[in-house]
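Reminder, nothing fancy here: chain letters follow the sequence lines and each chain counts from 1.
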2 protein chains.
Amino acid sequence: MGVTIYDVAKIAGVGLGTVSRVLNNSDHISPETRKKVLDAIEKLNYKPHAFARGLAKQKTNILSIIVPFFTGYFYIELLKGIQKPITKFEYDLVLYNVEKNNRLNSVLDKVLNGKLVDGVILISMSLSDEYAIEFNRQNLPIVLVDSYHPGVDSFFIENKKGAYIATKHLIDLGHKRVGMIDAQLKSTPAKIRLEGYKAALKDRGITFDSKYLVISDSDEKSDGFSREAGYSAMKRLLMLGEDRPTAVFISSDIQAVGAMKAIREEKLTIPDDIAIIGFDDIEFSEAIGLSTMRQPMFEMGEMAVDILLKRISGQISSLFHKKYIPELIIRETC
Amino acid sequence: MGVTIYDVAKIAGVGLGTVSRVLNNSDHISPETRKKVLDAIEKLNYKPHAFARGLAKQKTNILSIIVPFFTGYFYIELLKGIQKPITKFEYDLVLYNVEKNNRLNSVLDKVLNGKLVDGVILISMSLSDEYAIEFNRQNLPIVLVDSYHPGVDSFFIENKKGAYIATKHLIDLGHKRVGMIDAQLKSTPAKIRLEGYKAALKDRGITFDSKYLVISDSDEKSDGFSREAGYSAMKRLLMLGEDRPTAVFISSDIQAVGAMKAIREEKLTIPDDIAIIGFDDIEFSEAIGLSTMRQPMFEMGEMAVDILLKRISGQISSLFHKKYIPELIIRETC
DNA sequence: TATATATCTGGAAGGGCTTCCAATAAAATA
DNA sequence: TATTTTATTGGAAGCCCTTCCAGATATATA
């Protein structure tokens with residue numbers, strides 16, 4: 001069934017080492033020999049056996065990417081960014097979806113010891129010190145995206161600054177009662193965005209009032225970054241009646257979508273009764289006019305692969321830490 | 001660096017064949033021997049080398065999924081559905097993203113000859129007869145999702161019926177001028193949905209009027225299934241002035257989102273001035289109250305993997321063709 | 001007790017490739 | 001022309017497993 005390098009060698013009338021050499025573009029091959037081999041390959045429609053090659057080379061040309069639940073556009077954009085260079089450099093991409101945090105360890109173990117991949121991209125999840133050490137020890141490159149660890153390459157958003165900018169903008173618009181809808185604080189971005197929110201209040205001389213902070217409920221798959229969670233969080237804020245905030249910074253656009261629905265259900269208008277700024281700039285935000293903090297997802301994905309490939313090929317040695325500052329996109333909700 | 005089966009054999013004081021047998025749960029292993037081996041594995045933290053195993057077994061435990069540009073939620077939902085059984089059965093998933101149609105062939109070639117994967121899932125793209133034959137000849141299972149070929153397992157939506165139901169509903173609501181915004185007809189679903197639209201008109205005694213049909217522009221990555229394309233298509237429909245349709249069936253929700261924006265910009269109201277029904281029921285449709293035809297994406301993904309795995313293990317032999325009829329979800333736009 | 005049968009185990013062969021070493025041929029130099 | 005040097009080439013060894021065959025041991029049967 002499968003045509004192997006031996007068949008090619010026989011047809012071309014050369015040794016198998018020679019075939020392998022033209023396959024790998026090694027030098028020291030005479031043009032005539034190369035042509036003979038190429039012709040034979042063409043004739044037999046030969047394609048190298050990926051696993052055999054991987055075994056011999058100790059290199060698989062596969063990268064893995066670990067994402068938490070495919071929740072929305074954030075990851076899609078990232079994936080698009082990641083795909084681009086991967087395809088170009090003839091790598092394959094294996095996808096691990098971690099729905100529950102405890103599964104992360106088993107995926108990391110698999111990736112570490114299975115010798116299936118040449119490198120890994122870990123998205124939006126934090127890496128424990130033990131694993132960071134283990135990756136370094138095994139010399140398996142890993143890069144973090146939307147997460148940070150001092151010991152490995154990381155690309156991350158300045159969440160604190162982003163939240164700060166959004167909150168400050170709301171305050172500077174004249175709002176006195178500026179609330180926040182955040183996700184579960186066990187999510188690092190959520191925790192840090194809260195810090196930014198508080199910092200902005202403080203800088204503007206507003207004391208933090210816990211009744212204006214609502215933490216979205218988590219469900220089995222989202223840590224509170226969901227439409228439903230945003231909806232019910234806003235409902236809770238609206239229960240404050242006349243004392244409700246006149247502006248709300250929301251920790252993700254997807255929650256903001258739910259929150260907007262809740263506001264409309266109360267027959268309140270946006271931004272007149274309540275102004276809103278979200279976070280992420282997912283594709284739908286533009287369609288619904290949602291003001292938000294844009295994260296350069298595509299770019300981060302692209303850069304992450306770039307660094308990962310360089311790391312794999314040993315082209316860089318020093319640690320690479322890059323931070324992105326989210327950009328305020330003003331639309332119609334504030 | 002890497003601990004191999006030889007190390008385990010040595011530590012356990014057994015032959016390597018024995019180690020392999022306990023790894024693969026073969027029978028004819030005495031409980032004591034098994035324990036010794038298991039202990040050694042534990043002690044060394046041994047994990048089998050995926051590529052070596054794949055080479056020896058001629059089976060990789062990897063499935064590949066080929067998707068056209070990650071455009072939106074349709075594919076996310078599908079991916080979620082696919083992930084579930086894949087994880088459970090310890091397969092890995094490699095993702096190929098086909099942005100341009102001509103790249104499909106090169107991906108298929110790679111998948112066919114590279115021996116990297118045990119099976120493939122092809123989404124929303126049609127398979128040519130030549131490739132269908134080649135897959136069968138090479139005995140590499142492939143299943144189509146949201147697409148159809150008589151020679152391979154297929155899961156598909158009854159697009160014609162779906163479009164028919166949507167259009168008929170609009171007509172039965174009393175609308176006389178029912179338009180359609182479709183995507184490029186080179187996309188099979190788009191072509192077939194148009195047929196359903198026409199069939200409904202005909203059944204209700206309305207003659208098809210080409211000025212009420214607008215084909216969305218395609219951009220480099222979407223065949224017209226995009227927000228921008230829906231927006232400008234609706235703009236064109238609105239240029240008809242008073243003669244414009246009072247109801248429009250739109251071939252995807254994402255286009256409908258753009259179309260709704262166009263309508264609102266003209267200060268027209270939905271559904272009073274123009275009623276709308278989309279197609280897909282993406283996550284945002286509920287948030288914006290869009291009536292639509294729901295496709296069971298998650299379920300299709302799940303079933304596709306199920307069948308694929310059964311096919312790989314030889315548990316089924318006859319061809320599997322399953323069609324899903326989309327369900328009309330009535331919300332606020334009609 | 002001798003023999004047949006069932007159970008368990010070791011290890012060679014093989015899966016398809018790369019890489020290295022040695023060998024040969026061709027070209028350059030003395 | 002004889003001797004180096006250089007450019008090519010063939011093929012064995014090795015990457016890490018699984019599988020099959022044969023041998024060893026234990027158990028059942030005559």
*Quick one: B:Ile29 CD1 to D:dT19 C1', roughly how many Å, whole number?*
13 Å
*Should B:Tyr46 be listed as having a side-chain N or O under 4.0 Å from OP1 or OP2 of D:dC17?*
yes
*Charged N to carboxylate O below 4.0 Å: is that the case for B:Lys80 and B:Glu77?*
yes
*Candidate nucleotides D:dC17, D:dT8, C:dT18, ranked by approach to the side chain of A:Leu23 - the nearest*: C:dT18
*Consider the side chain of A:Ala56, meaning its heavy atoms from C-beta on, and name the nucleotide among D:dC17, C:dT19, D:dG14 that approaches it most closely.*
D:dG14
*In terms of ring plane angle, is the pair A:His49 and A:Phe51 parallel, tilted or perpendicular, where the classes change at 30° and 60°?*
perpendicular
*Spacing between B:His49 atom NE2 and D:dC17 atom P, to the nearest angstrom*: 7 Å
_Does B:Tyr131 form a side chain to side chain donor-acceptor pair (under 3.5 Å) with B:Asp109? I'd like the steps, not just the answer._
CA-CA 9 Å; B:Tyr131 277 108; B:Asp109 284 337; 3.0 Å; yes
*Round to the nearest Å and state the distance from A:Lys57 atom NZ to C:dC17 atom P.*
12 Å
*Could you state the NZ-P distance from A:Lys115 to D:dC16, rounded to the nearest angstrom?*
8 Å
_Length of the NZ-C1' vector between A:Lys10 and D:dG10, whole Å_ = 16 Å
*asked:* Looking at every non-hydrogen atom in both residues, tell me the closest pair between A:Ser124 and A:Tyr75 and how far apart they are.
replied: OG-OH, 3.1 Å
*With respect to the phosphate group of D:dG10, does any side-chain polar atom (N or O) of A:Thr18 fall under 4.0 Å of OP1 or OP2?*
yes
*asked:* With a 4.5 Å cut-off on side-chain heavy atoms, are B:Leu23 and B:Ile41 touching?
replied: yes
*Proximal nucleotide (of C:dG16, D:dG10, D:dT19) relative to the A:Arg21 side chain*: D:dG10
*asked:* Counting only side-chain nitrogens and oxygens, does A:Gln58 get under 4.0 Å of the OP1 or OP2 atom of D:dC16?
replied: yes
*Atom-pair distance (CG on A:Leu16; P on D:dG14), nearest Å*: 16 Å
*asked:* Output the rounded distance in Å from CG (B:Asn61) to C1' (D:dC17).
replied: 14 Å
*Within the structure, does a side-chain N or O atom of A:Thr4 lie under 4.0 Å from either OP1 or OP2 of C:dG15?*
no
*asked:* If you assign A:Val19 and A:Tyr6 each to the DNA chain D nucleotide with the nearest heavy atom, which residue ends up on the more 5' nucleotide?
replied: A:Val19
*asked:* On the nucleotide D:dT18, are OP1 or OP2 found under 4.0 Å from the side-chain N or O atoms that B:Arg53 carries?
replied: yes
*Whole-Å distance separating the NZ atom of B:Lys59 from the C1' atom of D:dC17*: 15 Å
*For the side chain of B:Thr33, starting at C-beta, report the closest nucleotide among D:dC17, C:dG15, C:dC8.*
C:dC8
*asked:* Need to verify one output field. Residue with the more 5' nearest nucleotide on DNA chain C, A:Ser20 or B:Gly13?
replied: B:Gly13
